[in-house]
Amino acid sequence: MPSDELIRKALAATQSAREDFLSSVKTTADQVESYLRSRKADRRDVSGRMAEELGSFAAGRIDASKFAAFAPSEGEAPGNVLEAMERAAAVLREVARFGDDAFVATAEPAETVADAVDRVLSNLGRAFGAAELVEIVRSGRFPNVEADRRLQRYGPDDWRPREREVAPPVVVSAEGQSLRGARLRDWLEGRQQILILAEGRCPPAPMTPLAGPGALVGQLHDAGELEVLNGFEGPVALAVVPDVAAAWVHDPRRTPVLEVRHMPAAADLAPVGPISVWRQQQDLEQLRALTGVGAGLAVAATNGNGSPQEAAPADRLAAWLLKQADLGVSE
């Protein structure tokens, strides 16, 4: 498995995105908890008024706080809504306290890289699930089973486009034979950053299927080259691979878009786990076909009306989550 130094370099490369995500989740948790405190204060006020109105006859016979639940004041949230929002706030607070380890995974022997990525993002994505739960209960719906699912696991397959725009980064270490880039394609959107540290036997060009307009994709022989993602606003999928594999970078900011630094000889190919020589040859041929292609499509972040999005990533995430929570904060 990759050394601690290699993992440290990968974490350093994703530090900005990671800190933006955690800071924004914390801000959202603070806002939801503030909302809860104000609603609970409203409920206490209603209970006091009810006790006064019921008078001495009800003393010892009627629980004014329970009775008040049947006559909420204007703008007051029912008890089950507050309970659901408290659960959502607890998840937001938990995610906000995550350390670096929560953004790192090691692919188990029976897992592919995609499996490990899904596992990490499903745990971090509970912040999105919590925000969605707040949105749901504030609109008057309360699906208990679905609410529980969102707070326990909220995988990238469930994320909406706006969630992908503020996706947390992930670092995965794995055996080279488990690296099948095509399986990551559906998640390479918005500002998702996926870094892979591969060791052992590896296909020559497993990341090639991901090389498309607007995405920073590549295979590197040196983790120090991960700094190439600095300042890039679109989706990123970079793998640090053994020297026997191809080395290349597809960067939409450059012309030509794709730079091949090392290409293995076809005669050196051999099956790698379930990945046949034919499949490896196809990936290499695709890589050769992309070589020298002109400038790619650099997809800029936009707001709802199509103009450039000027807010910092942390502000974008906080604004989106708070909008989902419907706490009076606009984007």
Side-chain angles (χ1 to χ4, degrees), residues 2 5-18 113-114 117 167 169-174 176 178-199 202-266 268-269 272 275 279-301:
E5 177 65 14
L6 194 57
I7 293 175
R8 185 191 66 77
K9 289 181 178 180
L11 284 171
T14 57
Q15 180 177 352
S16 178
R18 189 168 59 256
V113 167
V117 170
V170 58
V171 175
V172 172
S173 60
S178 70
L179 177 49
R180 304 168 203 173
R183 298 192 179 185
L184 302 173
R185 185 184 291 113
D186 289 345
W187 305 330
L188 199 59
E189 187 178 332
R191 288 178 178 80
Q192 182 67 69
Q193 295 183 359
I194 301 173
L195 302 191
I196 302 159
L197 310 177
E199 286 198 342
C202 181
M207 302 293 283
T208 305
L210 298 176
L216 174 59
V217 180
Q219 297 177 194
L220 310 171
H221 288 167
D222 183 353
E225 297 175 295
L226 289 172
E227 63 184 19
V228 69
L229 66 79
N230 292 343
F232 188 75
E233 287 293 306
V236 175
L238 296 171
V240 179
V241 296
D243 292 348
V244 294
W248 55 274
V249 175
H250 176 280
D251 189 340
R253 298 168 294 184
R254 299 178 180 177
T255 303
V257 172
L258 189 138
E259 175 193 359
V260 177
R261 302 169 182 176
H262 171 72
M263 184 75 79
D268 296 333
L269 299 183
V272 179
I275 306 171
R279 180 69 267 168
Q280 296 173 49
Q281 290 172 335
Q282 293 298 300
D283 288 342
L284 285 173
E285 286 304 314
Q286 181 181 352
L287 184 58
R288 290 189 182 95
L290 290 171
T291 303
V293 173
L297 174 64
V299 181

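Scanning both residues, Pro203 and Gly176, for their nearest heavy atoms gives CD-O, 3.4 Å. For Ile275 against Gln280, the heavy-atom pair with the smallest separation is O-NE2, 3.2 Å. Annotation for Ala237 and Leu188: closest pair CB-CD1, 3.8 Å, computed over non-hydrogen atoms. Ala215 and Phe232 make their closest contact through C-CZ, 4.2 Å (heavy atoms, listed as atom of the first residue, atom of the second, distance). What you find for Leu179 and Ala239 is that their closest heavy atoms are CD2-CB, 4.1 Å. Pro235 and Gly214 get closest at one heavy-atom pair: CD-O, 3.5 Å.
Here Ser178 contributes atom OG and Glu199 contributes atom CD; the two are 11.5 Å apart, rounded to the nearest 0.5 Å. Arg288 contributes atom CZ, which lies 11.0 Å from atom CG of Asp283 (distance to the nearest 0.5 angstrom). Here the straight-line distance linking atom CD1 of Ile7 with atom CD of Glu5 works out to 10.5 Å at 0.5 Å rounding. Rounding to the nearest 0.5 Å places CG of Leu226 at 9.0 Å from NZ of Lys9. Note: Asp222 CG to Glu227 CD = 9.0 Å, rounded to the nearest 0.5 Å. With values rounded to the nearest 0.5 angstrom, Leu6 atom CG is found 10.0 Å from Leu195 atom CG.
Applying the salt bridge (Lys or Arg N to Asp or Glu O under 4.0 Å) test to every pair with at least one member in residues 255-265, sequence neighbours left out, gives these pairs: Glu225-Arg261, Arg254-Glu259, Glu259-Arg261.
A 4.5 Å side-chain heavy-atom check between Val228 and Arg253 finds at least one atom pair inside the cut-off. Contact of the Met207 side chain with the Trp248 side chain is registered, since non-hydrogen atoms from C-beta on lie closer than 4.5 Å. Taking the side chain as every heavy atom from C-beta outward, Val172 and Ile194 never approach each other to under 4.5 Å. Counting heavy atoms from C-beta on, the side chains of Gln282 and Thr208 never come closer than 4.5 Å. A 4.5 Å side-chain heavy-atom check between Arg183 and Val113 finds every atom pair outside the cut-off. In this structure, Ile196 and Val117 have side chains that are not in contact, with every pair of non-hydrogen atoms separated by 4.5 Å or more. Looking at heavy atoms from C-beta onward, Leu284 lies in side-chain contact with Pro264 at the 4.5 angstrom threshold. Residues His221 and Val241 form a side-chain contact, since some pair of their non-hydrogen atoms from C-beta on lies under 4.5 Å apart.
Side-chain N or O atoms of His250 include none that pairs as donor or acceptor with a backbone N or O of Pro213 at under 3.5 Å. Gln219 contributes a side-chain N or O that, together with a main-chain N or O of Ala246, makes up a donor-acceptor pair within less than 3.5 Å.
Under the side chain to side chain donor-acceptor pair (under 3.5 Å) criterion, Gln15 pairs with Glu19, not counting sequence neighbours.
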> How far apart are the C-alpha atoms of Leu216 and Gln193, what are their side-chain angles, what is the distance that settles it, and do they pass the side-chain contact (heavy atoms from CB on, under 4.5 Å) test?
Replying inline: CA-CA 9 Å; Leu216 174 59; Gln193 295 183 359; over 6 Å; no
